Enquirer: 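Supplied in structure tokens, the structure appears directly below.
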Amino acid sequence: MIKFLEKFRFEPRLLLALGLHSVAIIAYQLALMQMLSVIQWHHFAYMIISIAMLGFGASGTLAVIARKWFIKRADWMIPSLMILSGLFMVISFPLSRQEFVQFDVYILFTEIRQFPRLAINYIIFFLPFFFGALAIGLTFIIYSKKIGTYYFSNLIGSGIGGIVALLILSYVYPEQSFPIIALFPVISGIIIISKKYRFFQYSCISLSLVLSILFFFNPPDIKISQYKNLSTTKTLPKAEVIHSEPNIYGVIDVVSSPALRYAPGVSLSFKDKMPVKPSIFVNAELYGAIPKHNDTAEYNIHDYTTMALPYVTNHRDSVLVLKASTGSAISHALNNNAGKVNGVIENQAIINLMKDDFSDMSGDLFNHSKVKINHQESRAYLNEHHGKKTYDLIVLPILDAFGGTAGLNALNEEYDLTIESFQMMWDMLKPEGMITISSWMDYPPRTTLKMLSTLVEIAEKNDIEDIEKHLVAIRSWGTITFALKKTPVNPVEIEKIRNFCDNMYFDPVLLPDIKPEERTKYNTLEDDSFFAYIDEIIHTDRESLYNDYGFHIRPATDDMPYFSQFMRLSSIPYLTEVFGPTEMPFLEIGYLIVFITFLQSLLLALLFIIVPLFFLRKTGKGKFPTFLYFGALGLGYMFVEIIFIQRFVLYFGHPIYAITAVISTMLLISGIGSYLSSRIKYVQQSAAKINLLIAAIILAYALFLTPVLEATISSNDIIKIILGLLLIALPSFFMGFSFPLGIKHLSHNNESHIGWAWGINGSISVIATSLAMLIAVEQGFIIVMTVALLCYFLAFVAMQLYKKQQ
Amino acid sequence: MRKKPDKAFSILLIAIIVFFSFDIDSFAGQYRQQRQEMVENQLKGRGITDNKTLEAMLNTERHKFVPSDYKRIAYNDRPLPIGHGQTISQPYIVAYMTEIIEPESHHRILEIGTGSGYQAAVLGEIVDQVYTIEIIEELGKQSIEVLDKLGYDNVHVKIEDGYYGWEEHAPYDAIVVTAAADHIPPPLVDQLKDGGKMIIPVGSPFRVQQLMLVEKDGDSKSTKNLMPVRFVPFKRADDYQ
């Protein structure tokens with residue numbers, strides 16, 4: 001090893017190479033996530049990336065098994081591994097698009113042959129991470145005594161990697177980003193290239209560069225899953241992609257076809273020609289159809305849907321449309337003579353498209369004098385404006401999708417559909433105001449029931465005594481719209497609703513004087529259970545229905561903001577019996593895939609952690625504390641990161657800002673902590689104290705973070721950014737000490753454990769992502785935070801155990 | 001020493017020749033048996049009682065409508081992918097949809113969404129004329145080829161946007177919409193006879209659980225969500241106790 005150090009004498013170059021290489025690993029991970037979300041769904045991205053990231057765990061295992069072999073050859077191995085990592089960053093994606101390995105997550109549960117394909121995909125995407133992680137791991141092993149400096153380089157590089165990915169994905173398509181990102185590790189390899197095996201290294205460099213150029217200018221056909229909206233739309237006659245652009249919000253495509261009609265759940269009494277509208281897709285999923293607004297139109301197509309409910313009873317002058325998408329509901333409000341319409345849209349690229357490129361096509365809707373478009377997450381808008389009693393009507397978009405979403409949104413955090421969010425909406429209503437929300441009818445009913453339970457609980461919270469007098473719902477053959485009114489619905493309004501239903505072949509479901517036979521006058525359901533459940537939610541023991549029902553239908557809260565997560569683990573056997581093993585997964589596939597992701601990463605991680613133990617038999621004591629310390633750090637660090645993202649999505653108002661701010665700040669600041677850790681002399685004592693301090697900070701955050709964020713959420717942006725970054729930076733700084741101090745401790749006491757520790761940390765970090773999600777969904781974020789606290793406390797305990805064993 | 005491998009090679013060669021000399025259709029008897037089992041277990045066992053439907057399901061060679069990769073499991077109790085994000089419905093759903101529209105031999109039926117052509121073929125076994133429209137050109141061409149090959153002269157396929165129906169042959173006794181959109185096209189309702197029935201499956205490609213029946217009676221229209229009996233009604237846990 002000393003020989004190696006002497007031979008290199010290039011620490012600054014190695015530090016730079018390591019930093020650049022780390023930029024690429026994180027940037028590649030994010031770009032891959034985006035790419036896989038386009039061709040499949042983001043769950044597939046989790047599945048693949050969780051295994052790919054286990055490359056870190058596997059590299060640790062290998063570093064233990066062949067430690068001496070690697071150290072002897074480190075001078076040429078490290079640059080070669082970096083170059084190989086870059087080479088595979090270029091070729092892995094094109095390889096995965098070959099016919100024989102193409103995989104579709106949508107039919108995973110129905111087609112056994114998807115499994116070997118999935119396995120090949122795992123291997124393909126595992127390789128760039130494995131080679132990359134092995135290069136980093138070897139550097140850490142060799143330079144374990146200066147780990148603080150090298151870990152600093154790794155963390156700073158990773159932090160910058162997040163920003164680099166964001167920049168690249170803003171301007172180029174994900175499939176073109178891989179050749180760019182791959183240049184970083186190749187350059188890293190060139191910086192520290194060794195004299196040995198130069199032919200091999202230069203061959204790999206040349207091949208990487210040639211393939212990078214080739215695939216950048218001639219990217220492979222990405223072959224989007226045939227089950228995604230964009231693919232099926234493209235099969236329509238004369239379908240044409242009239243606009244396409246890469247974007248940080250996702251790849252945007254606009255498709256037109258004479259057969260593309262949008263009229264969700266339109267009444268059977270509608271006899272006119274259905275409007276043909278081009279549609280916008282984000283990451284190949286339908287975002288919305290572009291409405292052709294006309295102020296003087298005789299009617300709006302939505303007048304023939306249940307979504308017309310609020311306009312049937314009264315004139316609504318001031319309207320707020322949340323998650324306004326492409327503006328169909330805005331156009332609907334204008335056609336019903338609204339005087340002022342505020343639309344809230346989270347995607348700036350869509351706003352730009354609608355205001356510029358598709359302004360003519362949409363009747364200049366987004367530039368309309370009565371319309372104000374706000375670029376914000378809906379919840380962020382509510383946070384900023386609640387308390388002002390401004391609106392006659394607040395409209396939420398139609399939830400679910402025609403035919404169901406198969407639970408693909410289950411793990412999306414939907415802060416606009418939590419109890420807290422509805423409370424803010426309620427506070428923004430004028431005295432006669434109304435909130436409406438619509439959904440496709442689902443079977444078994446769950447979206448509809450959760451929607452109702454949310455409205456009922458809001459009414460209760462606001463001391464509404466006769467809830468049934470404030471609630472209205474009407475149902476067509478396919479959709480249902482609920483309305484919650486501040487004042488009781490009066491007889492004139494009831495009469496208007498009944499007439500409207502008769503004209504449209506709709507049925508009233510909730511009216512103050514509803515009769516059971518009215519509910520199925522035109523549209524009969526398979527059984528009456530839906531009506532029994534909604535009556536139970538309003539009138540009787542709602543709590544027992546929440547507990548006994550096969551799905552989660554309790555309203556979402558800010559602590560558990562998963563409105564679309566309905567699956568209960570305990571219900572799986574029952575649902576499988578009722579719906580059959582191949583069809584049950586399509587009820588809630590998103591949740592099941594995260595569950596599978598967790599199980600598979602757990603099994604592999606255990607393998608990567610246990611196998612090295614056979615090679616560490618003669619290395620004496622300290623294995624348990626090593627496992628405990630580095631496992632706890634892997635879990636704890638990721639949990640804190642996930643909690644911060646979850647909390648700051650609300651605070652900064654947009655997931656992309658929150659994710660970038662959290663990941664980059666945490667890594668950069670931890671990098672500084674890591675750098676400073678190299679100055680610490682009493683490693684063991686300091687490591688114990690610092691971990692205890694981190695646990696104390698997490699405890700303080702568990703108690704005070706939410707109140708602090710709530711108190712300052714309405715402050716101006718600069719204060720919010722400064723405060724937010726400070727809050728992220730504080731624990732991150734200390735968390736940056738833990739890992740390098742642990743490695744330094746091993747370098748003094750048990751050097752052969754370093755590779756294993758690297759592997760444990762990498763493997764457990766991967767498990768942490770899906771585990772945090774499952775805990776958050778089942779128990780709420782406060783439990784995730786408690787586990788994070790416990791982890792750092794366990795790291796403290798591990799250091800005490802080391803002390804005892806010495 | 002060299003004889004052994006030669007002998008083994010000869011046996012292997014004969015085995016390969018014998019294997020490939022069997023036309024896939026020589027497994028016809030096996031497929032027929034699978035169809036019988038399908039009718040007994042998946043259809044009769046779940047309450048399909050209409051003899052015409054059961055006979056049509058027994059006579060229609062489902063394995064000829066599925067991609068070659070799936071022939072082996074053509075009669076399994078499940079939908080199968082046919083490409084372009086489309087599926088061939090599970091046998092029970094096809095039978096249920098057929099039974100519910102009460103087809104008679106003199107009926108004229110319109111199908112929107114030919115897909116594999118299997119549903120049209122089953123209907124073609126029972127009624128005089130079936131008109132079916134497929135919007136995806138490739139699927140349409142494939143189904144025309146299969147239906148021609150199998151001699152379904154009374155099944156007419158058109159590759160077009162099914163939104164406007166097939167006006168020259170209207171009105172129809174029944175309309176089967178297998179490629180449902182987020183709305184029911186008004187021209188289809190217009191082309192339905194008075195007292196006619198339109199059936200629409202609602203659900204993601206692999207999860208057709210709700211079937212909707214649209215009935216037209218003069219100016220009045222009504223819908224009914226039907227629950228395929230295979231799936232016992234979903235109730236809360238304590239309803240079962």
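The sequence lines fix the lettering, A, B, ..., with proteins before strands; numbering per chain opens at 1. On a predicted model such as this, the values are computed, not experimentally measured, just so you know.
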Enquirer: Heavy-atom count around B:E215 CD within 6.0 Å, excluding the residue itself: above 12?
Expert: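 Enclosed: over 12 neighbouring heavy atoms sit under 6.0 Å from CD of B:E215.
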
Enquirer: In Å and rounded to the nearest 0.5 Å, what is the CD to OG1 distance from B:Q86 to A:T232?
Expert: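 Here the interatomic distance stands at 7.5 Å.
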
Enquirer: Say you draw a straight line from NZ of A:K238 to CG of B:D161; how long is it, rounded to the nearest 0.5 Å?
Expert: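 A:K238 atom NZ to B:D161 atom CG measures 10.5 Å (nearest 0.5 Å).
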
Enquirer: Please report the shortest heavy-atom distance between B:L226 and A:E526, naming the atom on each side.
Expert: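 Scanning both residues, the minimum pair turns out to be C-CB, 4.4 Å.
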
Enquirer: Between A:L268, A:V266, A:L236, which has the largest tally of heavy atom pairs under 4.5 Å with chain B?
Expert: A:L268

Enquirer: Select one option (side chain, backbone, both, neither) describing which atoms of A:Y505 are under 4.5 Å from chain B's heavy atoms.
Expert: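 A:Y505 touches chain B through side-chain heavy atoms alone.
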
Enquirer: Taking every heavy-atom pair that is under 4.5 Å apart, which of B:G162, B:P185, B:G83 has the most such pairs with chain A?
Expert: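 It is B:G83.
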
Enquirer: So for atom CD, which belongs to B:E138, do other residues, nucleotides or ligands contribute more than 12 heavy atoms lying within a distance under 6.0 Å?
Expert: no

Enquirer: With a cut-off of 6.0 Å (strictly less than), are more than 12 heavy atoms of other residues, nucleotides or ligands near CD of A:E517?
Expert: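 Enclosed: over 12 neighbouring heavy atoms sit under 6.0 Å from CD of A:E517.
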
Enquirer: What is the minimum heavy-atom distance between B:P186 and A:D272, and which atoms define it?
Expert: CG-O, 4.0 Å

Enquirer: Tell me, yes or no, whether the heavy-atom count around A:K223 atom NZ, taken from other residues, nucleotides or ligands under 6.0 Å, exceeds 12.
Expert: yes

Enquirer: Quick one: what part of A:T235 sits under 4.5 Å from any heavy atom of chain B, side chain, backbone, both or neither?
Expert: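 It is both, since atoms from each part get that close.
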
Enquirer: Is there a side-chain contact between A:I301 and B:H183, using heavy atoms and a 4.5 Å cut-off?
Expert: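 Not in contact.
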
Enquirer: Does any N or O in the side chain of B:Y163 come within less than 3.5 Å of the main-chain N or O of A:M274, such that one atom is a donor and the other an acceptor?
Expert: yes

Enquirer: With chain B, which of A:S267, A:S269, A:A259, A:P264 has the greatest number of heavy-atom pairs at distances under 4.5 Å?
Expert: A:P264

Enquirer: Taking the side chain as every heavy atom from C-beta outward, state whether A:W477 and B:V214 have any atom pair closer than 4.5 Å.
Expert: no

Enquirer: Contact part of A:D104 toward chain B, heavy-atom cut-off under 4.5 Å: side chain, backbone, both or neither?
Expert: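 Contact with chain B: none, neither part.
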
Enquirer: With a cut-off of 6.0 Å (strictly less than), are more than 12 heavy atoms of other residues, nucleotides or ligands near NZ of A:K228?
Expert: yes

Enquirer: If you count the non-hydrogen atoms of other residues, nucleotides and ligands that lie under 6.0 Å from CG in B:D219, is the total more than 12?
Expert: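 12 or below, so no.
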
Enquirer: Which atom pair, heavy atoms only, marks the closest approach of B:Y164 to A:K273?
Expert: OH-CE, 4.0 Å

Enquirer: Inspect the surroundings of CD in B:E37 and state if more than 12 heavy atoms from other residues, nucleotides or ligands are less than 6.0 Å away.
Expert: yes

Enquirer: Find the distance between CE (B:M212) and CG (A:N523) and round it off to the nearest 0.5 Å.
Expert: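 The CE atom of B:M212 sits 8.0 Å away from the CG atom of A:N523.
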
